[in-house]
Protein chains: 2
Amino acid sequence: MKLTEQKRMQILDAAEELFHSNGVEHTSMDQLALQAKVSKRTVYNHFATKDALFQAILQRMFDKLAQGSEVRFNAAEPIDQQLRRIATDEVALLSSAAFLRVAKIAIMQVMQRPELAQLMSESSLGCKRYIDSFLTDACKAGVLQIADIPFAGKQFIYQLKSFVFYPSLFGLEQQTPAQQAHIIDEAIALFLARYQVK
Amino acid sequence: MKLTEQKRMQILDAAEELFHSNGVEHTSMDQLALQAKVSKRTVYNHFATKDALFQAILQRMFDKLAQGSEVRFNAAEPIDQQLRRIATDEVALLSSAAFLRVAKIAIMQVMQRPELAQLMSESSLGCKRYIDSFLTDACKAGVLQIADIPFAGKQFIYQLKSFVFYPSLFGLEQQTPAQQAHIIDEAIALFLARYQVK
DNA sequence: GATATAAACTACACCGTGCAGTTTACATGT
DNA sequence: ACATGTAAACTGCACGGTGTAGTTTATATC
């Protein structure tokens with residue numbers, strides 16, 4: 001790898017680390033250069049301003065997370081099994097270190113500068129991308145009966161987010177795999193009790 | 001009221017306003033004194049440091065929110081009505097300007113200094129205080145059937161938080177009263193579909 | 001006489017720049 | 001294959017400008 005690419009990566013790695021642990025505002029460019037083992041001038045040769053560096057970090061982290069499999073409805077498979085696959089993927093995402101990092105950095109910035117709020121809500125990761133069409137297909141197949149599909153999709157996702165994501169985000173502990181399994185089971189039970197055609 | 005108390009209140013009001021709209025870090029003590037219509041020296045006569053002022057603000061805001069009526073289970077009243085009263089109170093709290101202010105300020109600080117995380121989780125506001133005993137009574141009365149009561153209580157509260165609180169917190173719009181009513185209805189429907197004894 | 005005010009001041013941290021000198025990557029000539 | 005040249009990138013350091021926490025001093029007001 002070229003030297004300049006190497007340095008660029010060192011800078012981004014350091015920024016990711018420091019922005020996450022100290023917050024963007026509390027990370028000085030001197031500190032950052034030190035951690036990256038790079039001169040401050042080099043940082044500024046790669047990124048014109050601190051804000052540009054911040055944007056680049058967010059972009060890189062989003063790109064890392066963008067992939068992920070999509071679950072499509074299958075009439076031949078029990079609905080609870082399918083929901084469990086969706087939920088398991090989602091919980092894995094929500095509790096992954098990578099996701100928590102980008103979420104923390106992004107949310108901290110959004111709360112300090114509310115004008116950036118759109119950026120966050122627009123980005124579509126995980127099952128949010130496909131849950132609506134999944135539920136639509138399940139309704140068409142007569143397996144579920146839902147009046148307001150986008151709302152129901154949110155109800156499902158929010159269960160997982162509330163139990164898995166926010167507690168981790170705010171620094172309360174992570175869940176054990178057994179606890180996660182319980183959360184998933186109960187989210188599905190709640191959802192199907194309301195929407196499954198019996 | 002004594003002059004000094006009057007000034008103290010002006011300072012706290014200004015701090016609450018500015019810490020909320022600009023963030024603690026982006027509020028200077030000069031700006032704060034200006035907004036409070038008080039000299040900077042007076043601010044420092046009341047509060048030794050910016051951090052002490054911040055602590056006092058948090059305390060005052062928590063105290064303001066601490067009161068709130070408690071709903072106790074009543075076997076003679078339909079369960080959905082009782083849940084609706086609980087949920088309505090909770091949504092009013094979660095969407096109130098006062099609660100959003102303290103939450104935003106507190107969460108921003110917690111995310112920057114994770115060692116304060118306990119402070120947040122310990123503070124018990126709204127229906128979180130009594131929901132467990134309410135559900136316990138309802139189970140004893142044979143109206144509900146719940147294996148894990150604390151978990152079920154969280155499921156109920158998290159529905160409201162997810163749809164009402166977090167979107168407001170992150171600067172996405174507030175809900176209309178009609179939307180809030182819908183959120184409450186659906187949270188209750190979801191909950192009762194799973195736990196009501198039929 | 002206690003308290004408030006205004007304004008200037010200290011001390012420091014930080015962003016971003018300029019620059020002289022060094023290192024790296026690589027092409028060209030022998 | 002090896003030396004040499006060169007352009008691009010990196011380094012280290014000093015510095016201007018700015019913002020801010022907290023203090024001091026001198027003055028006014030209740």
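Lettering of chains follows the sequences in order, A, B, ..., and the numbering in each one begins at 1.
Taking atom CD on A/Gln6 and atom P on D/dA9, their separation rounds to 15 Å, with Å as the unit. Taking atom CZ on B/Phe54 and atom C1' on D/dA21, their separation rounds to 17 Å, with Å as the unit. Distance B/Leu32 CG to D/dG22 P: 12 Å, rounded to the nearest Å. Atom-to-atom, NZ of A/Lys7 to C1' of C/dA25 comes out at 14 Å; the value is rounded to the nearest Å.
In this structure B/Tyr44 satisfies the ring pair (Phe, Tyr, Trp, His ring centres under 6.0 Å) test with no other residue, sequence neighbours excluded. Every residue two or more places apart in sequence or in another chain was checked for a ring pair (Phe, Tyr, Trp, His ring centres under 6.0 Å) with B/Phe47, and none qualifies. A search for salt bridge (charged side-chain N to carboxylate O under 4.0 Å, His left out) contacts involving B/Glu186 returns A/Arg194, not counting sequence neighbours. In this structure A/Asp185 satisfies the salt bridge (charged side-chain N to carboxylate O under 4.0 Å, His left out) test together with A/Arg84, sequence neighbours excluded. When the salt bridge (charged side-chain N to carboxylate O under 4.0 Å, His left out) test is applied to A/Asp148, no partner is found at least two apart in sequence or on another chain.
For the pair B/Ser39 and C/dA6, the criterion of a side-chain N or O lying under 4.0 Å from OP1 or OP2 is not met.
Listed for the A/Gln82 side chain is a donor-acceptor partner under 3.5 Å among the backbone atoms of A/Asn74.
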Every protein N/O within reach of nucleotides 12-19 of chain C N/O, cut-off under 3.5 Å:
from, atom 1, to, atom 2, distance (Å)
C/dC15, OP1, A/Thr27, O, 3.4
C/dC15, OP1, A/Lys50, NZ, 3.0
C/dC15, OP2, A/Met29, N, 2.7
C/dG16, OP2, A/Tyr44, OH, 3.1
C/dG16, OP2, A/Lys50, N, 3.0
C/dG16, N7, A/Lys40, NZ, 3.0
C/dG16, O6, A/Lys40, NZ, 3.0
C/dG18, N7, A/Arg41, NE, 3.0
C/dG18, O6, A/Arg41, NE, 3.4

